[in-house]
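Computed from a prediction, not measured in an experiment: that's the story for all the values here. Just so you know, ligand 1 is whichever comes first in the structure, and atom 1 is the first atom listed for that ligand.
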Amino acid sequence: MRGLVIKTTGLWYEVKSEGAIHVARLRGKFKLEEKKTTNPIAVGDWVTIEPNDQATDEWIITEIHQRENYIVRQSPRKKGHDHIMASNVDQALIFFTFKSPRTSIGFIDRVLVTLEAYRIPAFILLNKTDLYSKEELENWNQITDVYRKIGYQVDKTSLTKDPTDLTKYLEGKTTLLIGHSGTGKSSLINNEVPEVHQTTSEISSFADKGIHTTTFAEMFFIDESTGLIDTPGIKELGLAEVEPDELDHYFPEMRVHLGQCKFHDCRHTEEPNCVIKQAVENGEIAFFRYESYLSMLMGEDNRR
Ligand SMILES: Nc1nc2c(ncn2[C@@H]2O[C@H](COP(=O)(O)OP(=O)(O)OP(=O)(O)O)[C@@H](O)[C@H]2O)c(=O)[nH]1
Ligand SMILES: [Mg+2]
Ligand SMILES: [Zn+2]
């Protein structure tokens, strides 16, 4: 029977199939086949399940169907291993907050690069607008202009005080929610899927210790064709499967200039006659985006 993985805990999986939700486990051999990932199966995977024990209604996953795409990050716990956050998504919604907690532009750009590498459209959402100063909101307008020009969708909301109608972004798609702990991912689930009550909580000293309110990725449905994948907050995003010499391809505003620098292997740092640096100088490429590029390029360990 074919089914969709809607929750993973590492030990067992919830698989939705023909309207019912089954608890399933993996056959041991899958774990050996994919050595470099911490999780062989992710939320969003299509799988084949078979009944294992009729008495307990326990199922076994016998096959993983080929993924259309997936989002992978360096595992913060297991060196050299990657963690698949989710698969088969139509877009990712990246949460941005100026405070409680503070999100850096560098983090947003790392997420965007990861998404570009897998050609997954991005939607950047500023949350908690009720908390910000006039200056911060003006700053956001400038940031918004930059990202919109590049081609990303951008909007703002206050999920708990004055929620924006996000239907036009979400309708008919499977959306992965990404952001630091405490930015409001589960609050969005609770707003959009009224029968669900995801635990939400104020960030506290707990968040600094890496403890998140949401601990497992899980998919919820607004309607049959609209899914939202809640994930645990991530502190850093270690680029996985992105090589330094292809980094410029994952900045859409750089991609359009590629091949025009004097040196074909130009990294756009110290080289003469570099069209990317010229585009930064004449304002065509935002300086903060170029800074993000440099920081990812120079990162002594890009897979962090
Ligand atoms: N002031 C304010 N608080 C908000 C807003 N949206 C969410 N919150 C609060 O922020 C806190 C964190 O929200 P969550 O939805 O739990 O955050 P999360 O991203 O799911 O966090 P993790 O599960 O740890 O990754 C909760 O106390 C929410 O009530 C908002 O627009 N304004
Ligand atoms: Mg949460
Ligand atoms: Zn160059």
Heteroatom proximity flag, Thr157 to ligand 1, N/O under 3.5 Å: no

Part of Leu188 within contact of ligand 1 (heavy atoms, under 4.0 Å): neither

SG (Cys274) - the Zn ion (ligand 3) - SG (Cys261) angle, nearest 10°: 110°

Atom name of the N, O or S atom in His268 that lies nearest to the Zn ion (ligand 3): ND1

Minimum non-hydrogen distance to atom 29 (O) of ligand 1, winning option of Thr160, Thr97, Thr129, Leu131: Thr160

NZ or CZ of Lys277 within 45° of Tyr290 ring axis and under 6.0 Å: no

Presence of N, O or S from Ser181 under 2.8 Å of the Mg ion (ligand 2): no

Glu291 atom CD, over 12 foreign heavy atoms within 6.0 Å: yes

Flag, side chain of Thr97 to backbone of Ser100, donor-acceptor distance under 3.5 Å: no

CD (Glu224) with more than 12 external heavy atoms under 6.0 Å: no

Per atom 24 (O) of ligand 1, closest listed option by heavy atom (Gly179, Ser181, Ser158): Ser181

Proximity winner for atom 6 (N) of ligand 1, if only heavy atoms of Ile178, Asn127, Asp162 are counted: Asn127

Nearest candidate to atom 20 (O) of ligand 1, where distance is taken over non-hydrogen atoms, out of Gly184, Pro232, Ser186: Ser186

pair Glu50-Met1: side-chain heavy atoms closer than 4.5 Å: no

Ligand-side contact atoms (ligand 1) for residue partner Thr183, heavy atom cut-off under 4.0 Å: 17 (O), 19 (O)

N or O pair under 3.5 Å between Ser187 and ligand 1: yes

Plane angle bin for Phe123 and Tyr169 - parallel if under 30°, tilted between 30 and 60°, otherwise perpendicular: parallel

Flag if over 12 foreign heavy atoms under 6.0 Å of CD, Glu246: yes

Distance flag, aromatic centroids of His180 and Phe95, threshold under 6.0 Å: no

Residue from Tyr147, Phe96, Tyr132 passing ring-ring contact (aromatic ring centres under 6.0 Å, His included) with Trp140: Phe96

Close-contact set for ligand 1 against Gly233 heavy atoms, below 4.0 Å: 25 (O)

Contact check: Cys266 to the Zn ion (ligand 3), N/O/S below 2.8 Å: yes

Those atoms of ligand 1 less than 4.0 Å from some heavy atom in Asp130: 1 (N), 2 (C), 30 (C), 31 (O), 32 (N)

